[in-house]
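Accompanying notes for the structure given below.
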Amino acid sequence: LARLTERLRVFRFRPGTPRVLAPLFHGATGRKIVLEIEDPWCGVRPKNRERLASFIAAFTAAGVEITRLIIVWNPDPGAPKTPQSQANALLAELLSAGKNVKPEIDFRRSEGQHHFHDRVVTIRSLDEGPTITLRWDVTAGIDNLMSMSKECSVFIEER
């Protein structure tokens, strides 16, 4: 158990507290990375897309260079926009936030035995430094992480 906890960091964000995100990026600062975000709601509605863009901008602000960006979400068939319209709106939101890496978009639906609920962020280094692979399990999703009025925890595992 001790070996597992050595590689695990936990961050808890309570409602009403400022989001100090810099410690989350420990190990990735100054690195070139592949960033994969899996969150079923991150691209569905305008507020979700806005918070996702803020989350991605936080990487840049922390000195992390995203060379490849993969975003996976579950397009909501009840949303006023089609999945492709949601993707186009996300691209526009990222551009307005100053993010120049065009994301690879992947839609994943919860169907049958495939339940898409977990919110996972994976970071893999691409540069010549020591290899890093981090897995972030984000309770309540990117939306809650980036909202000061919400509660969220982030569990970061170094692999």
Side-chain angles (χ1 to χ4, degrees), residues 8-15 17-28 33-62 64-125 132-159:
L8 183 66
R9 293 180 288 143
V10 180
F11 300 87
R12 304 218 187 262
F13 300 94
R14 301 289 178 225
T17 59
R19 298 308 199 228
V20 179
L21 301 180
L24 296 171
F25 303 106
H26 176 74
I33 65 157
V34 173
L35 175 61
E36 183 170 356
I37 300 168
E38 298 178 38
D39 183 326
W41 297 102
C42 70
V44 175
R45 292 186 174 78
K47 195 51 100 173
N48 302 104
R49 294 188 287 269
E50 179 184 312
R51 290 189 178 137
L52 177 61
S54 295
F55 176 67
I56 293 168
F59 276 84
T60 303
V64 180
E65 183 179 339
I66 302 169
T67 57
R68 183 172 173 214
L69 175 60
I70 304 156
I71 302 174
V72 182
W73 82 81
N74 183 2
D76 184 356
K81 293 188 173 201
T82 66
Q84 190 57 52
S85 296
Q86 292 173 25
N88 292 340
L90 175 60
L91 292 173
E93 185 69 45
L94 291 174
L95 284 174
S96 73
K99 190 72 214 127
N100 295 328
V101 174
K102 184 175 180 180
E104 299 168 33
I105 305 291
D106 186 16
F107 300 124
R108 184 180 311 151
R109 297 185 187 279
S110 293
E111 297 175 332
Q113 295 180 353
H114 303 287
H115 182 66
F116 180 28
H117 175 75
D118 290 351
R119 283 78 166 185
V120 177
V121 175
T122 306
I123 299 167
R124 293 185 314 273
S125 60
I132 58 165
T133 303
L134 303 172
R135 175 190 166 113
W136 298 15
D137 289 284
V138 183
T139 67
I142 303 302
D143 197 47
N144 282 13
L145 175 61
M146 299 308 291
S147 173
M148 249 183 55
S149 67
K150 307 283 183 166
E151 182 174 17
C152 184
S153 296
V154 180
F155 299 84
I156 302 177
E157 176 189 4
E158 296 179 35
R159 294 183 156 192

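Closest non-hydrogen pair, M146 versus R51, comes out as CG-O, 3.5 Å. Between L21 and A58 the shortest heavy-atom distance is CD1-CB, 4.0 Å. Nearest approach of G43 to R49, heavy atoms of both residues: O-NH1, 2.9 Å. Closest approach of L24 and R9 over heavy atoms only: O-NH2, 4.0 Å. The shortest non-hydrogen separation linking E151 to A140 is O-CB, 3.8 Å.
How far OG1 of T122 is from CD1 of I70: 9.0 Å, rounded to the nearest 0.5 Å. Atom CG of N74 sits about 11.0 Å away from atom CG of D106, to the nearest 0.5 Å. Once rounded to the nearest 0.5 Å, the distance linking CD of E158 with CD1 of I132 reads 8.5 Å. Atom CG of L90 sits about 12.5 Å away from atom OG of S85, to the nearest 0.5 Å. Note that the CG atom of N88 and the OG1 atom of T82 stand 7.5 Å from one another [nearest 0.5 Å]. Residue Q84 holds its CD atom at 5.5 Å from CZ of F107, rounded to the nearest 0.5 Å.
Using modelled atom types, one side-chain atom of R19 and one backbone atom of L145 make a donor-acceptor pair closer than 3.5 Å. When atom types are taken as modelled, the side chain of T67 and the backbone of I33 share a donor-acceptor pair closer than 3.5 angstrom. Distance alone, capped at 3.5 Å, places no donor-acceptor pair between the R119 side chain and the T139 backbone. No donor-acceptor pair closer than 3.5 Å links the side chain of R135 to the backbone N or O of R159. Looking at D39, its side chain does come within 3.5 Å of a backbone N or O of I142 through a donor-acceptor pair.
Checked by atom type, the side-chain pair R12/S153 shows a donor-acceptor distance below 3.5 Å. A donor atom on one side chain and an acceptor atom on the other are found under 3.5 Å apart for Q86 and W73.
Proximity of I123 to V34: side-chain heavy atoms (C-beta onward) are nowhere separated by under 4.5 Å. In this structure the side chain of C152 reaches within 4.5 angstrom of the side chain of V138, judged on heavy atoms. In this structure, the side chains of I56 and L94 come closer than 4.5 Å at one or more pairs of heavy atoms. L91 is listed as a side-chain neighbour of K102, based on a closest heavy-atom distance under 4.5 Å. Side-chain contact between D137 and V120 is present, with heavy atoms from C-beta onward closer than 4.5 Å. Counting heavy atoms from C-beta on, the side chains of V72 and E36 come closer than 4.5 Å. Put simply, the side chain of V20 does not reach to within 4.5 Å of the side chain of F13, judged on heavy atoms. Within the 4.5 Å cutoff, the side chain of L52 has heavy atoms near those of the I71 side chain.
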Exercise. Please assess F155 against L8 for the test side chain to side chain contact (heavy atoms under 4.5 Å, CB included), listing each intermediate value before the final yes or no.
Key: CA-CA 7 Å; F155 299 84; L8 183 66; 4.2 Å; yes
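Taking F25 as the reference, F59, W136 meet the ring-ring contact (aromatic ring centres under 6.0 Å, His included) condition, with sequence neighbours excluded. Legend: residues meeting salt bridge (Lys or Arg N to Asp or Glu O under 4.0 Å) with E93, ordered by chain and number and at least two apart, are absent.
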